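One structure is given below, encoded as structure tokens.
Fair warning: this is a prediction, and the values are worked out from it, not measured in the lab.
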Amino acid sequence: TKRRLTDSVRANPANFTAHHALAVFYLQQGDVKAAIPHLRRAHAIDPAHYDNGYNFALALLQTGSVKEARGIVTQLLTIKESGELHNLLGDVEELAGNLKDAADHFQRAAHMDATEEHLFDWGNIYLRLRAGDNALEVFTAGVARFPASARLQIGLGIAQYSRGKYSDAVASFCRAVDLDPSDPRAY
């Protein structure tokens, strides 16, 4: 498969589909660095392609290219605003050390698409900002929405502990252990 995809890129160097397919192959193999040149080329050919742009920005983030990742996500947001993109931009800003900007994007992501991941990221950034009341509010709402989420229970426990609610924190950690005994974070 790799040989066929590589041959297709060589035969059609200006073809979006060829570069994108090879990049996806590399991503599936876990070779992010090998995927980036093909994601970059595919993005140059079709900057409005959502999946390629998202994967490109994510790969850049994973390799520490924060500034370029921010540019790609910001560009994609002008084409299609989504919770997924705001959450990714939150990850970018968090890695860049811009925690307040990250919190804004995680909040926007959670409001647009209240997934477990988005709520966790939003609550977690409040913990990093030492905004315990905000974290407590987000994790409480997250646990109400996703009561079977061990990681939201852990986040709630940490937020409760940070606010001096020690017995509530113990109860949350115990619920997390009940939900996922193999997760060492609750212990």
Transitively linked via ILVMFWY side-chain contacts under 4.5 Å: [X] with [Y]?
{"X": "Ile154", "Y": "Val138", "value": "yes"}
{"X": "Ile45", "Y": "Phe25", "value": "no"}
{"X": "Val66", "Y": "Leu39", "value": "yes"}
{"X": "Leu95", "Y": "Leu77", "value": "yes"}
{"X": "Leu119", "Y": "Met112", "value": "no"}

Check Arg151 with Glu117, please: is the shortest side-chain N to carboxylate O separation under 4.0 Å? no
Are Asp7 and Arg10 close enough for a salt bridge, meaning some N to O gap below 4.0 Å? yes
Quick note, ring-ring contact (aromatic ring centres under 6.0 Å, His included) partners involving residues 60-94, not counting sequence neighbours, are His86-His105
With distance as the sole test, does [X] use its side chain to make a donor-acceptor pair with the main-chain N or O of [Y] at under 3.5 Å?
{"X": "Ser149", "Y": "Phe146", "answer": "no"}
{"X": "Ser8", "Y": "Arg4", "answer": "no"}
{"X": "Thr63", "Y": "Ala59", "answer": "yes"}
{"X": "Asn12", "Y": "Asn15", "answer": "no"}

Heavy-atom check, side chain of [X] versus side chain of [Y], under 4.5 Å:
{"X": "Phe106", "Y": "His111", "answer": "no"}
{"X": "Tyr126", "Y": "Ser162", "answer": "no"}
{"X": "Lys80", "Y": "Leu76", "answer": "no"}
{"X": "Tyr26", "Y": "His38", "answer": "yes"}

How long is the straight-line distance from [atom2] of [Y] back to [atom1] of [X], given to the nearest 0.5 Å?
{"X": "Leu22", "Y": "Leu27", "atom1": "CG", "atom2": "CG", "result": "9.5 Å"}
{"X": "Ile79", "Y": "His49", "atom1": "CD1", "atom2": "NE2", "result": "11.5 Å"}
{"X": "Leu85", "Y": "Thr74", "atom1": "CG", "atom2": "OG1", "result": "9.5 Å"}
{"X": "Leu5", "Y": "Thr17", "atom1": "CG", "atom2": "OG1", "result": "11.5 Å"}
{"X": "Arg41", "Y": "His19", "atom1": "CZ", "atom2": "NE2", "result": "5.5 Å"}
{"X": "Phe120", "Y": "Leu156", "atom1": "CZ", "atom2": "CG", "result": "11.5 Å"}

With no hydrogens and no angle check, do the side chains of [X] and [Y] hold a donor and an acceptor under 3.5 Å apart?
{"X": "Asp121", "Y": "Asn87", "result": "yes"}
{"X": "His20", "Y": "Asn52", "result": "yes"}
{"X": "Glu93", "Y": "Asn98", "result": "yes"}

Can you check side chain to side chain contact (heavy atoms under 4.5 Å, CB included) on Val24 and Gln28, steps first, answer last? CA-CA 6 Å; Val24 168; Gln28 290 170 344; 3.7 Å; yes
Could you walk me through whether Leu60 and Arg70 pass the side chain to side chain contact (heavy atoms under 4.5 Å, CB included) check? CA-CA 9 Å; Leu60 290 167; Arg70 182 185 296 120; over 6 Å; no
Partner of Leu152 under side-chain contact (heavy atoms from CB on, under 4.5 Å), chosen from Asn124, Val143, Leu179: Val143
Given Arg108 and Glu81, is the salt bridge (Lys or Arg N to Asp or Glu O under 4.0 Å) satisfied, shown in steps? CA-CA 10 Å; Arg108 190 110 184 238; Glu81 191 167 8; 2.6 Å; yes
Which atoms form the tightest heavy-atom contact between [X] and [Y], and what is the distance?
{"X": "Val73", "Y": "Leu88", "answer": "CG2-CD2, 3.7 Å"}
{"X": "Glu94", "Y": "Ala102", "answer": "N-CB, 3.6 Å"}
{"X": "Leu127", "Y": "Gly155", "answer": "CD1-O, 4.2 Å"}
{"X": "Trp122", "Y": "Ala110", "answer": "CE3-CB, 3.5 Å"}
{"X": "Gly53", "Y": "Ile72", "answer": "O-CG2, 3.4 Å"}
{"X": "Gly132", "Y": "Ala159", "answer": "O-CB, 4.4 Å"}

Set of residues satisfying ring-ring contact (aromatic ring centres under 6.0 Å, His included) with respect to Tyr166, sequence neighbours excluded: Tyr161
Among all residues two or more places apart in sequence or in another chain, which pass the side chain to side chain donor-acceptor pair (under 3.5 Å) test with Thr115? His118
What is the ring orientation for Tyr50 with Tyr54, classed by angle as parallel under 30°, tilted 30 to 60°, or perpendicular over 60°? parallel
Give a yes or no on whether Glu137 atom CD has more than 12 heavy-atom contacts from other residues, nucleotides or ligands under 6.0 Å away. no
